[in-house]
Asks: 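To start, I am sharing the structure in question, which I have written as structure tokens.
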Amino acid sequence: MTSGTELAPPVQSILAAAAERTAAEQDRERAPLDVDARSFPDAVAQTERDGRVPVIAEVKPTSPTTDGTREDDPAELAEAMVAGGATAISVLTEPTHFGGSPDALRQVREAVDVPVLRKDFILEEASLDVVESDLVLLIARFVDNLADLVAAARERGFQPLVEVHDRDELETALDAGATLIGVNNRDLGKLEVDLGTFESVAPHVRRLCRLDESSGGTARQDPDDVTLIAESGISEPADVRRMRDAGADALLVGSAIMDHGGDGDGDVTANTRRLVEAMEPTATTETRTQT
């Protein structure tokens, strides 16, 4: 782990369950996957050419931070999100706390033609081979060998999306070679959401990418090759504009799309569309990281 901050009890429980699943997956013999992935950066670029905001809409039946459960067919939910303009779909595969499953992801990926992200607590290489997806989430805080896991994901054809919460984790992600980076606005210690988290982390990308050049070395990577995703706490068009103005290339939205109205049966197509069609920001990739 890259932070000494105490985790909230629900997160501790999720992590303990993930460790148990990891142990079982390591005992199971599987051939490494060979994924023919749909390009997420290409999908983001196409969405922007169409004049829309790139949104990763999340099929999330439930979570420790939301009330109630949606038992809709995951493929139908994903199709409805794509109809609303979603650039990609995120699918929870964690079963105990989020009601997800690998089977739900398989169904979604067969039903839609956009990139699909597997969102789970992946701790070791063996867990990568559970199910095919286009992207796979790796949470920097929970992975001891991030560079090795990023490399292992890419060897299988996955596009690794590395999640960070602060500047130190961002540096760890860049050192691991990550080019898709999600900044989680939710504090895993208190489970509180603050959109200022993304605003505080995003400006460091360009400086950290170029840091080694100042001492005569080579850059970690071209900052323009880094795709930044704002995660958590985005529920209104104003939030979309705020995150885009802060430099977000895309947004990952779960609860606000699954049930924006809070009645457990929200219109996911309409909820997706209202965020995708939020006013375009003035910030660009070139201006987002000036510090």
Asks: First locate atom CG of Leu77, then atom CD1 of Ile89, and finally report the distance between them rounded to the nearest 0.5 Å.
Replies: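 Here the rounded value is 9.0 Å.
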Asks: Could you tell me which non-hydrogen atom of Ala140 sits nearest to which non-hydrogen atom of Val162, and how far apart they are?
Replies: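 Closest approach of Ala140 to Val162, heavy atoms only: CB-CG1, 4.1 Å.
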Asks: Are Asn185 and Met243 side-chain neighbours, meaning at least one heavy-atom pair lies under 4.5 Å?
Replies: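 Asn185 reaches Met243 side chain to side chain.
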Asks: Rounded to the nearest 0.5 Å, how far apart are CG of Leu137 and CZ of Phe121?
Replies: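 If we round to the nearest 0.5 Å, Leu137:CG and Phe121:CZ are 8.0 Å apart.
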Asks: How many angstroms lie between CG in Asp187 and OG in Ser232, if you round to the nearest 0.5 Å?
Replies: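 So the CG of Asp187 and the OG of Ser232 are separated by 11.0 Å.
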Asks: Considering only NZ, NE, NH1 and NH2 on the basic side and carboxylate oxygens on the acidic side, decide whether Glu236 and Arg274 come within less than 4.0 Å.
Replies: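 Yes.
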Asks: Of the options Asn184, Leu180, Val143, which is the one that meets Glu163 in a side-chain contact (heavy atoms from CB on, under 4.5 Å)?
Replies: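 Between Glu163 and the candidates, side-chain contact (heavy atoms from CB on, under 4.5 Å) is satisfied uniquely by Asn184.
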Asks: What are the two closest non-hydrogen atoms of Ile122 and Ser127, and how far apart are they?
Replies: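 Looking at all heavy atoms of both residues, the shortest contact is CG2-CB, 3.9 Å.
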Asks: Kindly indicate whether the side chain of Leu105, heavy atoms from C-beta on, has any atom under 4.5 Å from the side chain of Val116.
Replies: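 A side-chain contact under 4.5 Å exists here.
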Asks: Can we say Arg244 and Glu48 salt-bridge, meaning some charged N sits less than 4.0 Å from an Asp/Glu carboxylate O?
Replies: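 Salt bridge present between Arg244 and Glu48.
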Asks: Decide side-chain contact (heavy atoms from CB on, under 4.5 Å) for Leu161 and Leu138; before the verdict, give the C-alpha distance in whole Å, the side-chain angles of both, and the deciding distance to 0.1 Å.
Replies: CA-CA 6 Å; Leu161 168 57; Leu138 304 177; over 6 Å; no
Asks: Under a plain distance cut-off of 3.5 Å, with no hydrogens placed, do Asp103 and Gln107 share a side-chain donor-acceptor pair?
Replies: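 Their side chains do not contain a donor-acceptor pair, so the 3.5 Å distance test is not met.
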Asks: In the single-linkage hydrophobic clustering (I, L, V, M, F, W, Y; side-chain heavy atoms under 4.5 Å), do Val193 and Leu92 co-cluster?
Replies: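 Cluster IDs for Val193 and Leu92 differ.
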Asks: Would you say that Glu124 contacts Leu149 through its side chain, given a criterion of any heavy-atom pair below 4.5 Å between the two side chains?
Replies: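 With C-beta onward as the side chain, the pair stays apart.
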Asks: Give me the atom names and distance for the closest heavy-atom approach of Ala86 to Ala57.
Replies: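 Where Ala86 meets Ala57 most closely, the heavy atoms are CB-CB, 3.9 Å.
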Asks: Which pair of non-hydrogen atoms, one from Pro160 and one from Val150, has the smallest distance, and what is that distance?
Replies: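 Distance-wise, the nearest heavy atoms are CG-CG1, 3.9 Å.
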Asks: For the pair Leu228 and Val205, evaluate side-chain contact (heavy atoms from CB on, under 4.5 Å) and give the outcome as yes or no after the intermediate values.
Replies: CA-CA 9 Å; Leu228 276 179; Val205 171; 3.8 Å; yes
Asks: Holding to side-chain contact (heavy atoms from CB on, under 4.5 Å), I want the full list of residues that pass it with Arg156, two or more places apart in sequence or in another chain.
Replies: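 Arg156: side-chain contact (heavy atoms from CB on, under 4.5 Å) contacts with Pro32, Glu125, Leu128, Asp129, Ala152, Phe158.
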Asks: Within this structure, what is the CG-OG distance for the pair Leu275 and Ser235, rounded to the nearest 0.5 Å?
Replies: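 Going from the CG atom of Leu275 to the OG atom of Ser235 covers 8.0 Å.
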Asks: Assess the side chains of Lys60 and Ser255: does a donor N or O sit below 3.5 Å from an acceptor N or O?
Replies: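 Distance-only check passes for Lys60 and Ser255.
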Asks: Quick one: does Asp50's side chain have a donor or acceptor within less than 3.5 Å of a partner on Arg52's backbone?
Replies: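 Not confirmed, Asp50 side chain does not pair with Arg52 backbone.
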Asks: With a 4.5 Å cut-off on side-chain heavy atoms, are Arg21 and Pro95 touching?
Replies: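 When only atoms from C-beta onward are counted, Arg21 and Pro95 do touch, with a gap below 4.5 Å.
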Asks: For the residue pair Ala256 and Ile234, what are the closest heavy atoms and their distance?
Replies: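 Smallest heavy-atom distance, with atoms named: CB-O, 3.5 Å.
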Asks: Regarding Asp249 and Thr227, do their side chains bring together a donor and an acceptor under 3.5 Å, going by distance alone?
Replies: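 Per modelled atom types, Asp249 and Thr227 side chains form no pair under 3.5 Å.
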Asks: How long is the straight-line distance from OG of Ser133 back to CZ of Arg106, given to the nearest 0.5 Å?
Replies: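 Going from CZ on Arg106 over to OG on Ser133, the span is 11.0 Å.
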Asks: So, Gln159 side chain and Arg38 main chain: donor-acceptor pair closer than 3.5 Å or not?
Replies: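 Yes; judged by distance alone, with no hydrogens or angles, the pair exists.
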Asks: Side chains of Asp120 and Thr93: is there a donor and an acceptor less than 3.5 Å apart?
Replies: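 The criterion, which ignores hydrogens and geometry beyond distance, is satisfied for Thr93 and Asp120.
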Asks: Are the side chains of His165 and Thr197 in contact, using a 4.5 Å heavy-atom criterion?
Replies: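 With C-beta onward as the side chain, the pair touches.
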Asks: Quick one, Leu7 with Arg141, criterion side-chain contact (heavy atoms from CB on, under 4.5 Å). Give me CA distance, side-chain angles, the key distance, then yes/no.
Replies: CA-CA 11 Å; Leu7 296 172; Arg141 181 171 183 174; 3.2 Å; yes
Asks: Do you know which two heavy atoms are closest between Ala111 and Ala75, and how far apart they sit?
Replies: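 Taking every non-hydrogen atom into account, CB-CB, 3.8 Å.
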Asks: Would a 4.5 Å heavy-atom cut-off, applied to side chains only, mark Val131 and Arg118 as touching?
Replies: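 Yes, side chains in contact.
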Asks: Could you pull out all residues at least two apart from Arg242 that satisfy salt bridge (charged side-chain N to carboxylate O under 4.0 Å, His left out)?
Replies: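 For Arg242, the residues satisfying salt bridge (charged side-chain N to carboxylate O under 4.0 Å, His left out) (neighbours in sequence not counted) are Glu199.
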Asks: Whether the side chain of Asn271 engages the backbone of Ile257 through a donor-acceptor N/O pair (distance < 3.5 Å, no angle test) should be reported.
Replies: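 Yes: the side chain of Asn271 pairs with the backbone of Ile257.
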Asks: Please step through side-chain contact (heavy atoms from CB on, under 4.5 Å) for the pair Val91 and Glu58, ending with a clear verdict.
Replies: CA-CA 6 Å; Val91 181; Glu58 189 160 86; over 6 Å; no
Asks: Going by an N to O cut-off under 4.0 Å, is there a salt bridge joining Glu192 and Arg186?
Replies: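 No.
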Asks: With no hydrogens and no angle check, is any side-chain donor or acceptor of Thr272 less than 3.5 Å from a backbone partner on Val268?
Replies: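 Answer holds: yes.
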Asks: Hey, does Asp134 have a side-chain heavy atom less than 4.5 Å from the side chain of Leu117?
Replies: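 Leu117 vs Asp134: side chains apart.
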Asks: Looking at Leu174, Asp168, Thr172, Asp166, which hits side-chain contact (heavy atoms from CB on, under 4.5 Å) with Leu170?
Replies: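 Testing Leu170 for a side-chain contact (heavy atoms from CB on, under 4.5 Å) against Leu174, Asp168, Thr172, Asp166 leaves exactly one candidate, Leu174.
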Asks: Under a 4.0 Å threshold between the charged nitrogen and the carboxylate oxygen, would Arg109 count as salt-bridged to Glu132?
Replies: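 Yes, this pair counts.
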Asks: Could you give the distance from CD1 (Ile229) to CG (Leu251), rounded to the nearest 0.5 Å?
Replies: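 If we round to the nearest 0.5 Å, Ile229:CD1 and Leu251:CG are 9.5 Å apart.
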Asks: Can you find a heavy atom in the side chain of Met81 that is under 4.5 Å from one in the side chain of Met258?
Replies: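 A side-chain contact exists here, since the closest heavy-atom pair is under 4.5 Å.
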